[in-house]
2 protein chains.
Amino acid sequence: MAVRGAVPEVIWARPERTGRGPKPAYTRDDIAAAAVRIADAQGLDAVSMRHVAAELGCGTMSLYNYVPRKEDLHELMVDAVSAEHARWEPSGDWRADMRRVAGQTRELMRRHPWLPRLMSPAYGFSPNALRYLEHCLACLDPLEAPYGTKLEFIALLNGMVTTYVRNELDTAERVRALPWSEDEENAVRIAYLGSRIASGAYPRMAAAFAEDAGPIDLEAVFERAVERVLDAFDPERGAR
Amino acid sequence: MAVRGAVPEVIWARPERTGRGPKPAYTRDDIAAAAVRIADAQGLDAVSMRHVAAELGCGTMSLYNYVPRKEDLHELMVDAVSAEHARWEPSGDWRADMRRVAGQTRELMRRHPWLPRLMSPAYGFSPNALRYLEHCLACLDPLEAPYGTKLEFIALLNGMVTTYVRNELDTAERVRALPWSEDEENAVRIAYLGSRIASGAYPRMAAAFAEDAGPIDLEAVFERAVERVLDAFDPERGAR
DNA sequence: ACCGCACTGCGTACGGTGTACGTAACTACG
DNA sequence: CGTAGTTACGTACACCGTACGCAGTGCGGT
């Protein structure tokens, strides 16, 4: 049966090779790697079917033999970099392990700044996503809670990390397409914000800015946020 | 000075009317409203400069007199719907007030399913965003904490709500562009997930699925998540 | 052994996108 | 009253995702 018909399918359920005809010139991993290479170097917007095909060294439409829609290419990319997630023998201290998971996810996203934008619950079924989830659950074995709660914990922590890193990197990624630099952009926005605050319409924001004018330490902010989320699920949270 | 030169600017700092030449036919609000109308009815992908111009009843390129880049149009849209945020006299119970804020934000995003995808820290300077932030800070007046902590609180809660609603709506928005229905998509993915779990490679996930096979109550999950975040910032969190 | 068919590879084409640029009309200021 | 700065907008370009058609290839069934 030809690929042409529009039928719902998960790309992972689709076999790479069906047996008939000439053998494919590329593997799914080749394609994902090519797309990731482009995204890392030139940003997510540069990941077009044409560019990926050129990077692979084949015609544009040949790509569609491997990837029915561009969306599936994105799914392949997310799964490919998810393979970079390290998995270790749980230490028995779930807080320490989850802290490490969070930090590692953040590092992963900093290596691949396009990742947060591509994160979708629909991609949670990919092989490496499943492995990652199982590993998180293993780390949470010492935590006495039903699996439902653990899953909500993982979702909340992951969501927080994703949101956080996205906010951290969004401007940097966005600015790539802009004709001016990130610093210029920020300077202009800060200046505008200052003028608004000076209007007196936002007394508490003015106080907030007056309170702490020093440069914010993103590292510390991230670690505090992680600790908050861990606290929220710690039965012994009484002991600060 | 003509708009043509690429100069960093915040759209809010740009005056709507400069005085010379023929008076503009539309206001910024007209344009934002038209874009929001299209996004609500046909999804975010339908919001193109051409469509918005047609909705307004003017030529495509005329739009660029009001909005230098499409990105700015998105900023206008986010600000426009942010005006729907209700602001009330803080009750004195910050938990109750923040709960209400979270619920309201969720409702706002359900009315405008494209909103989560457009949320960006760069849009935090718009007039309505500033009003919203000031209101949140007012609600947090009873909480004894430095403004830095309060801002981190608001960011974490907002991020959680955004992530949550996005996960809730992402598939629905995404499926609009797909040639099959959301149910078909889900059925196929669940079936694949089942086959993976049946492989035995993911014992904890298997256990998680065995533990609670009932349909998940999204409402309850959301409320629990909100409560977790509130707990994380509650000095009296010892009293469950 | 050989035919047929499913598959790969790929060029072409279509309808869409954001937006640079040039031109014409208009109005408030010097 | 000129003229400079603005609005309005048609045209054009480069790029996008992808439907379709055709040529070549090699395995499965007979």
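In this text the structure is predicted, and so the values were computed from the model without any measurement. We name chains A, B, ... by the order of the sequence lines, and we start the count at 1 in each one.
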Review point. Between B:Gln42 and B:His51, is any side-chain donor less than 3.5 angstrom from a side-chain acceptor?
Key: no

Practice item. Ignoring backbone atoms, test whether A:Tyr66 places a side-chain nitrogen or oxygen under 4.0 Å from the OP1 or OP2 oxygen of C:dT8. Key: no

Exercise for review: Compare all side-chain heavy atoms of A:Met49 with those of A:Met61 and state whether any distance is below 4.5 angstrom.
Suggested key: no

Practice item. Check whether any side-chain N or O of A:Ser62 sits under 4.0 Å from OP1 or OP2 of C:dT8, and answer yes or no. Key: no

Check nucleotides 13-19 of chain C for protein N or O atoms closer than 3.5 Å to its own N or O atoms and list the pairs.
residue, atom, partner, partner atom, Å
C:dT17, OP1, B:Ser48, OG, 2.9
C:dG18, OP1, B:Lys70, NZ, 2.8
C:dG18, OP2, B:Met49, N, 3.0
C:dG18, N7, B:Arg50, NH2, 2.6
C:dG18, O6, B:Arg50, NH2, 3.0
C:dT19, OP2, B:Tyr64, OH, 3.2
C:dT19, OP2, B:Lys70, N, 3.1
C:dT19, O4, B:Arg50, NH2, 3.4

Review point. Which residue lies toward the 5' end of DNA chain D, B:Gly57 or A:Pro22, if each is placed at its nearest nucleotide?
Key: B:Gly57

Review point. Do the charged groups of A:Glu134 and A:Arg87 touch, with an N to O distance under 4.0 Å?
Key: no

Review point. What does B:Ala25 touch in the nucleic acid at a heavy-atom separation under 4.0 angstrom: a base, only the sugar-phosphate, or nothing?
Key: sugar-phosphate

**Study point:** A:Leu63 CG to D:dA19 P, straight-line distance once rounded to whole Å
**Key:** 14 Å

Exercise for review: Establish, yes or no, whether the cationic atom of B:Arg196 lies under 6.0 Å from the six-membered ring centre of A:Phe125 and within 45° of the ring axis.
Suggested key: no

Point to revise | Shortest non-hydrogen separation from A:Asp79 to A:Ala129 and the atoms involved | key: OD1-N, 4.1 Å

Exercise for review: Rounded to the nearest angstrom, tell me the gap between atom CG in A:Asn65 and atom P in D:dC22.
Suggested key: 17 Å

**Study point:** Nearest-angstrom distance from the residue atom OH of A:Tyr26 to C1' of C:dC7
**Key:** 16 Å

Review point. Which is true for B:Gly21 with a 4.0 Å heavy-atom rule: it touches a base, it touches only sugar-phosphate, or it touches nothing?
Key: base

Check your understanding: Can you find a heavy atom in the side chain of A:Pro24 that is under 4.5 Å from one in the side chain of A:Tyr66?
Key -> yes

